[in-house]
Amino acid sequence: MNEAIKVSGLKKSYGAHVVLNGLDFCVRQGEIFALLGVNGVGKTTSLECIEGLRKYDSGNITIHGRIGIQLQSASLPEHIKPLEAAKLFAKWNKNPLDKAMLEALGIYNLAKKQYYQLSTGQKRRLHLALALTRNPDILFLDEPTAGLDVEGRLSLHKQIRQLKAMGKTIILTSHDMAEVENLCDRIAILSEGKIVFIGTVGQLGETVGRHYNIIIQTENSTKKYESDNIGETLLSLLTQYKENGESIVDIQINRGTLEQHFMKITKGE
(Lines give C-alpha, C1' and ligand atoms only; values in the text may rest on other atoms or scores of the structure.)
Protein backbone atom coordinates (compact mmCIF):
# COMPACT_ATOMS: atom_id res chain seq x y z
CA MET A 1 0.00 0.00 0.00
CA ASN A 2 1.31 3.47 -0.89
CA GLU A 3 2.40 5.86 1.85
CA ALA A 4 0.48 9.08 2.45
CA ILE A 5 2.94 10.33 5.09
CA LYS A 6 6.46 9.23 5.99
CA VAL A 7 8.30 10.59 9.02
CA SER A 8 12.00 9.77 9.45
CA GLY A 9 14.33 10.72 12.31
CA LEU A 10 12.15 13.62 13.45
CA LYS A 11 13.70 15.56 16.34
CA LYS A 12 12.35 18.52 18.27
CA SER A 13 13.53 20.12 21.51
CA TYR A 14 12.43 23.11 23.54
CA GLY A 15 15.69 24.27 25.06
CA ALA A 16 17.14 21.36 26.99
CA HIS A 17 13.85 19.48 26.95
CA VAL A 18 13.80 16.82 24.22
CA VAL A 19 10.25 16.19 23.00
CA LEU A 20 10.83 14.13 19.84
CA ASN A 21 13.92 11.96 19.74
CA GLY A 22 14.13 10.43 16.27
CA LEU A 23 10.50 9.76 15.40
CA ASP A 24 9.96 7.17 12.63
CA PHE A 25 6.61 6.03 11.23
CA CYS A 26 4.47 6.06 8.11
CA VAL A 27 0.75 6.41 7.41
CA ARG A 28 -0.73 4.42 4.53
CA GLN A 29 -3.03 5.95 1.98
CA GLY A 30 -6.72 5.41 2.74
CA GLU A 31 -6.32 4.26 6.36
CA ILE A 32 -7.50 5.71 9.66
CA PHE A 33 -4.40 6.08 11.82
CA ALA A 34 -4.22 7.14 15.47
CA LEU A 35 -1.25 8.69 17.25
CA LEU A 36 -1.59 7.90 20.96
CA GLY A 37 0.34 8.71 24.11
CA VAL A 38 -0.11 10.06 27.61
CA ASN A 39 -0.30 13.83 28.06
CA GLY A 40 2.96 15.65 27.43
CA VAL A 41 4.75 13.05 25.30
CA GLY A 42 4.69 15.14 22.11
CA LYS A 43 1.58 14.07 20.16
CA THR A 44 0.54 17.63 19.38
CA THR A 45 4.12 18.65 18.58
CA SER A 46 4.43 15.69 16.19
CA LEU A 47 1.25 16.58 14.34
CA GLU A 48 2.08 20.29 14.20
CA CYS A 49 5.46 19.48 12.65
CA ILE A 50 3.79 17.26 10.03
CA GLU A 51 1.09 19.86 9.37
CA GLY A 52 3.70 22.56 8.84
CA LEU A 53 2.55 24.58 11.85
CA ARG A 54 5.77 24.11 13.84
CA LYS A 55 9.45 24.01 12.89
CA TYR A 56 11.46 20.91 13.83
CA ASP A 57 15.17 20.57 14.51
CA SER A 58 16.04 17.73 12.14
CA GLY A 59 14.58 14.79 10.26
CA ASN A 60 12.43 14.36 7.17
CA ILE A 61 8.68 14.54 6.56
CA THR A 62 7.22 13.47 3.23
CA ILE A 63 3.54 14.11 2.45
CA HIS A 64 1.76 12.84 -0.65
CA GLY A 65 -1.38 14.92 -1.21
CA ARG A 66 -3.27 17.94 0.09
CA ILE A 67 -3.94 18.18 3.81
CA GLY A 68 -6.89 19.47 5.81
CA ILE A 69 -6.79 20.16 9.56
CA GLN A 70 -9.63 20.03 12.06
CA LEU A 71 -8.44 21.62 15.29
CA GLN A 72 -10.15 21.28 18.68
CA SER A 73 -10.98 24.98 18.58
CA ALA A 74 -10.97 27.67 15.92
CA SER A 75 -10.49 31.43 16.10
CA LEU A 76 -13.63 32.25 14.15
CA PRO A 77 -15.43 35.56 14.75
CA GLU A 78 -18.23 35.04 17.29
CA HIS A 79 -20.89 36.51 15.01
CA ILE A 80 -19.98 34.76 11.76
CA LYS A 81 -22.58 32.29 10.50
CA PRO A 82 -21.52 28.71 9.64
CA LEU A 83 -22.45 29.02 5.98
CA GLU A 84 -20.58 32.34 5.73
CA ALA A 85 -17.47 30.68 7.18
CA ALA A 86 -17.75 27.77 4.73
CA LYS A 87 -18.07 30.14 1.75
CA LEU A 88 -15.10 32.18 2.98
CA PHE A 89 -12.88 29.10 3.37
CA ALA A 90 -13.94 27.79 -0.04
CA LYS A 91 -12.98 31.13 -1.61
CA TRP A 92 -9.60 31.12 0.14
CA ASN A 93 -8.93 27.63 -1.18
CA LYS A 94 -10.25 28.54 -4.65
CA ASN A 95 -12.67 25.60 -4.59
CA PRO A 96 -16.39 25.51 -5.33
CA LEU A 97 -18.64 25.10 -2.31
CA ASP A 98 -19.31 21.39 -1.73
CA LYS A 99 -23.04 21.53 -1.07
CA ALA A 100 -23.39 17.77 -0.63
CA MET A 101 -20.71 17.75 2.07
CA LEU A 102 -22.30 20.70 3.87
CA GLU A 103 -25.68 18.99 3.73
CA ALA A 104 -24.22 15.74 5.09
CA LEU A 105 -22.64 17.59 8.03
CA GLY A 106 -25.84 19.53 8.77
CA ILE A 107 -24.33 22.97 8.10
CA TYR A 108 -27.42 24.21 6.25
CA ASN A 109 -29.50 23.49 9.37
CA LEU A 110 -27.32 26.02 11.23
CA ALA A 111 -27.84 28.79 8.66
CA LYS A 112 -29.52 31.23 11.07
CA LYS A 113 -27.13 30.69 13.97
CA GLN A 114 -23.97 32.62 14.74
CA TYR A 115 -20.75 30.87 15.75
CA TYR A 116 -21.02 31.73 19.45
CA GLN A 117 -24.51 30.16 19.54
CA LEU A 118 -23.35 26.75 18.33
CA SER A 119 -23.09 23.76 20.64
CA THR A 120 -19.82 21.85 20.97
CA GLY A 121 -21.07 19.20 18.56
CA GLN A 122 -22.18 21.78 16.01
CA LYS A 123 -18.79 23.51 16.21
CA ARG A 124 -17.03 20.17 15.68
CA ARG A 125 -19.11 19.57 12.53
CA LEU A 126 -18.36 23.08 11.27
CA HIS A 127 -14.62 22.69 11.92
CA LEU A 128 -14.69 19.43 9.95
CA ALA A 129 -16.57 21.12 7.09
CA LEU A 130 -13.99 23.91 6.97
CA ALA A 131 -11.15 21.37 6.92
CA LEU A 132 -12.83 19.65 3.97
CA THR A 133 -13.28 22.79 1.87
CA ARG A 134 -9.81 22.24 0.39
CA ASN A 135 -10.88 18.75 -0.73
CA PRO A 136 -7.89 17.25 1.12
CA ASP A 137 -6.41 13.82 0.49
CA ILE A 138 -5.18 13.68 4.10
CA LEU A 139 -7.25 14.85 7.07
CA PHE A 140 -5.91 15.59 10.56
CA LEU A 141 -8.44 15.32 13.39
CA ASP A 142 -7.35 16.51 16.86
CA GLU A 143 -9.65 14.99 19.52
CA PRO A 144 -12.57 15.14 17.04
CA THR A 145 -15.28 14.04 19.48
CA ALA A 146 -14.05 15.62 22.74
CA GLY A 147 -16.97 17.13 24.61
CA LEU A 148 -19.64 15.54 22.42
CA ASP A 149 -22.61 13.58 23.70
CA VAL A 150 -23.27 10.00 22.56
CA GLU A 151 -25.42 11.06 19.61
CA GLY A 152 -22.82 13.59 18.49
CA ARG A 153 -19.99 11.04 18.68
CA LEU A 154 -21.92 8.45 16.68
CA SER A 155 -22.79 11.04 14.03
CA LEU A 156 -19.18 12.15 13.66
CA HIS A 157 -17.94 8.55 13.59
CA LYS A 158 -20.31 7.93 10.68
CA GLN A 159 -18.87 10.92 8.83
CA ILE A 160 -15.30 9.73 9.47
CA ARG A 161 -16.10 6.27 8.08
CA GLN A 162 -17.70 7.84 5.01
CA LEU A 163 -14.55 9.92 4.43
CA LYS A 164 -12.44 6.76 4.62
CA ALA A 165 -14.78 5.08 2.12
CA MET A 166 -14.10 8.03 -0.22
CA GLY A 167 -10.39 7.21 -0.06
CA LYS A 168 -9.33 9.89 2.42
CA THR A 169 -6.38 9.23 4.73
CA ILE A 170 -7.25 10.20 8.30
CA ILE A 171 -4.84 10.81 11.20
CA LEU A 172 -6.38 11.42 14.59
CA THR A 173 -5.49 11.85 18.22
CA SER A 174 -7.96 10.80 20.89
CA HIS A 175 -8.15 9.94 24.58
CA ASP A 176 -11.24 7.81 23.90
CA MET A 177 -9.79 4.31 23.52
CA ALA A 178 -13.15 2.81 22.54
CA GLU A 179 -13.31 5.36 19.72
CA VAL A 180 -9.80 4.46 18.56
CA GLU A 181 -10.57 0.75 18.69
CA ASN A 182 -13.78 1.15 16.67
CA LEU A 183 -12.42 3.52 14.02
CA CYS A 184 -8.72 2.93 13.43
CA ASP A 185 -6.94 0.54 11.11
CA ARG A 186 -3.62 1.06 12.89
CA ILE A 187 -2.32 2.90 15.93
CA ALA A 188 1.07 4.25 17.01
CA ILE A 189 2.01 4.82 20.65
CA LEU A 190 4.45 7.59 21.46
CA SER A 191 6.60 7.43 24.58
CA GLU A 192 9.79 9.29 25.55
CA GLY A 193 10.04 10.91 22.13
CA LYS A 194 9.85 7.71 20.10
CA ILE A 195 7.29 5.30 18.70
CA VAL A 196 7.21 2.29 21.02
CA PHE A 197 4.47 0.45 19.15
CA ILE A 198 2.85 0.61 15.73
CA GLY A 199 0.30 -1.83 14.35
CA THR A 200 -3.30 -2.96 14.75
CA VAL A 201 -5.17 -3.19 18.04
CA GLY A 202 -4.97 -6.97 17.79
CA GLN A 203 -1.21 -6.84 17.33
CA LEU A 204 -0.94 -4.62 20.41
CA GLY A 205 -2.77 -7.27 22.42
CA GLU A 206 -0.29 -9.90 21.21
CA THR A 207 2.64 -7.59 22.06
CA VAL A 208 1.69 -7.00 25.68
CA GLY A 209 0.39 -10.50 26.31
CA ARG A 210 -2.95 -12.26 26.40
CA HIS A 211 -4.66 -10.27 29.10
CA TYR A 212 -8.15 -11.44 30.05
CA ASN A 213 -11.04 -10.11 32.10
CA ILE A 214 -13.25 -12.62 33.88
CA ILE A 215 -16.65 -11.77 35.36
CA ILE A 216 -18.31 -14.38 37.56
CA GLN A 217 -21.90 -13.92 38.69
CA THR A 218 -23.51 -15.90 41.49
CA GLU A 219 -26.98 -15.60 42.98
CA ASN A 220 -25.63 -13.11 45.53
CA SER A 221 -22.76 -11.22 43.88
CA THR A 222 -20.82 -10.29 40.74
CA LYS A 223 -17.02 -10.27 40.89
CA LYS A 224 -14.35 -9.27 38.36
CA TYR A 225 -10.91 -10.83 37.91
CA GLU A 226 -7.92 -10.22 35.63
CA SER A 227 -5.51 -12.80 34.32
CA ASP A 228 -2.70 -13.40 31.83
CA ASN A 229 -3.24 -17.17 32.03
CA ILE A 230 -6.89 -17.88 31.39
CA GLY A 231 -6.70 -21.64 31.85
CA GLU A 232 -5.04 -21.73 35.27
CA THR A 233 -7.00 -18.74 36.62
CA LEU A 234 -10.39 -20.09 35.53
CA LEU A 235 -9.68 -23.56 36.94
CA SER A 236 -8.58 -22.04 40.25
CA LEU A 237 -11.66 -19.80 40.47
CA LEU A 238 -14.09 -22.61 39.66
CA THR A 239 -12.47 -24.79 42.33
CA GLN A 240 -12.67 -21.94 44.84
CA TYR A 241 -16.35 -21.26 44.17
CA LYS A 242 -17.18 -24.97 44.43
CA GLU A 243 -15.34 -25.33 47.75
CA ASN A 244 -17.20 -22.29 49.10
CA GLY A 245 -20.52 -23.79 48.05
CA GLU A 246 -21.32 -20.81 45.77
CA SER A 247 -23.48 -21.54 42.74
CA ILE A 248 -22.28 -19.80 39.55
CA VAL A 249 -25.10 -18.55 37.30
CA ASP A 250 -22.98 -16.79 34.61
CA ILE A 251 -19.36 -16.40 33.47
CA GLN A 252 -18.09 -13.78 31.00
CA ILE A 253 -14.58 -13.82 29.54
CA ASN A 254 -13.10 -11.18 27.26
CA ARG A 255 -9.72 -9.95 26.13
CA GLY A 256 -8.21 -6.89 27.76
CA THR A 257 -9.32 -3.52 26.42
CA LEU A 258 -7.19 -1.23 24.28
CA GLU A 259 -6.96 1.13 27.25
CA GLN A 260 -5.45 -1.62 29.43
CA HIS A 261 -2.95 -2.54 26.69
CA PHE A 262 -2.11 1.13 26.14
CA MET A 263 -1.39 1.75 29.82
CA LYS A 264 0.69 -1.39 30.05
CA ILE A 265 2.98 -0.49 27.14
CA THR A 266 3.34 3.21 28.09
CA LYS A 267 4.53 2.08 31.53
CA GLY A 268 7.24 0.04 29.82
CA GLU A 269 5.89 -3.31 30.99
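Note that these values count all heavy atoms, side chains included, but never hydrogens, waters or copies made by symmetry. What you see is a predicted model, and the numbers here were worked out from it, not measured in a lab.
Nearest heavy-atom pair, I63 versus I5, reported as atom, atom and distance to 0.1 Å: CG1-CG1, 4.4 Å. The heavy-atom pair separating L183 from H157 by the smallest distance is CD1-CD2, 3.7 Å. Scanning all heavy atoms of the two residues, the minimum distance from Q159 to A104 falls at NE2-O, 3.1 Å. Of all heavy-atom pairs spanning I195 and A188, the tightest one is CD1-CB, 4.0 Å. When all heavy atoms are compared, the tightest approach of L97 to A90 is CD1-CB, 3.8 Å. When every heavy atom of A86 is checked against every heavy atom of L102, the shortest pair comes out as CB-CD2, 4.0 Å.
Considering NZ of K168 and CD of Q162, their distance stands at 13.0 Å, rounded to 0.5 Å. The line from CZ of R161 to CG of L156 is 10.5 Å long, rounded to the nearest 0.5 Å. With rounding to the nearest 0.5 Å, the separation of CD in Q70 from CG in L130 is 9.5 Å. One distance of note links NZ of K12 with CG of L23; it measures 14.0 Å at 0.5 Å rounding. In this structure, CD1 in I50 is found 11.0 Å from OG1 in T45, a value given to the nearest 0.5 Å. To the nearest 0.5 Å, atom OG1 of residue T44 and atom CG of residue L53 are 11.0 Å apart.
With no hydrogens or angles considered, a side-chain donor-acceptor pair links H79 and Q114 at under 3.5 Å.
Linking ILVMFWY side-chain heavy atoms closer than 4.5 Å, directly or via other members, places Y108 and L76 in a single hydrophobic cluster. In terms of hydrophobic clustering, with Ile, Leu, Val, Met, Phe, Trp and Tyr side chains grouped at heavy-atom distances under 4.5 Å, Y116 and L83 are assigned to different clusters. With hydrophobic clusters built from ILVMFWY side chains whose heavy atoms lie under 4.5 angstrom apart, V249 does not share a cluster with Y241. Linking Ile, Leu, Val, Met, Phe, Trp and Tyr residues whenever their side-chain heavy atoms come within less than 4.5 Å leaves L238 and L235 in two separate clusters. There is no path of hydrophobic side-chain contacts, each under 4.5 Å, that joins L190 to V18.
Between I198 and F33 the shortest side-chain heavy-atom distance falls below 4.5 Å. A 4.5 Å side-chain heavy-atom check between I69 and D142 finds every atom pair outside the cut-off. Residues I32 and L163 form no side-chain contact, since every pair of their non-hydrogen atoms from C-beta on lies 4.5 Å or further apart. Residues L132 and D98 are not in side-chain contact: their nearest non-hydrogen atoms beyond the backbone lie 4.5 Å or more apart. You'll find the side chain of I187 reaches within 4.5 Å of the side chain of F197, heavy atoms only.
Side chain of S46 to main chain of G42: a donor-acceptor pair is present (N/O by atom type, distance under 3.5 Å, no hydrogens or angles). A distance-only check finds no donor-acceptor pair linking the side chain of S13 to the backbone of A16 [under 3.5 Å]. Checking side-chain atoms of S221 against main-chain N and O of T218 turns up no donor-acceptor pair under 3.5 Å. A donor-acceptor contact shorter than 3.5 Å is absent between the side chain of K113 and the backbone of L118. A donor-acceptor pair under 3.5 Å is formed between the side chain of T169 and the backbone N or O of G30. Formation of a donor-acceptor pair under 3.5 Å by the Q203 side chain with backbone atoms of R186 is not found in this model.
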message: Apply side-chain contact (heavy atoms from CB on, under 4.5 Å) to residues R124 and T145 and explain how you reach the verdict.
response: CA-CA 7 Å; R124 284 279 190 273; T145 59; 6.0 Å; no
query: Can you check side-chain contact (heavy atoms from CB on, under 4.5 Å) on L172 and C184, steps first, answer last?
result: CA-CA 9 Å; L172 63 86; C184 295; 4.3 Å; yes
- request: Show your reasoning for whether salt bridge (Lys or Arg N to Asp or Glu O under 4.0 Å) applies to K164 and D185.
  value: CA-CA 11 Å; K164 171 183 165 63; D185 299 299; 3.0 Å; yes
message: Quick one, W92 with R134, criterion side-chain contact (heavy atoms from CB on, under 4.5 Å). Give me CA distance, side-chain angles, the key distance, then yes/no.
response: CA-CA 9 Å; W92 280 341; R134 196 184 180 196; over 6 Å; no
query: Stepwise, does the side-chain contact (heavy atoms from CB on, under 4.5 Å) test hold for K11 with N21?
result: CA-CA 5 Å; K11 292 186 177 182; N21 189 19; 4.1 Å; yes
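By the 6.0 Å contact criterion, CD on Q217 is enclosed, its count of non-hydrogen atoms from other residues, nucleotides or ligands being greater than 12.
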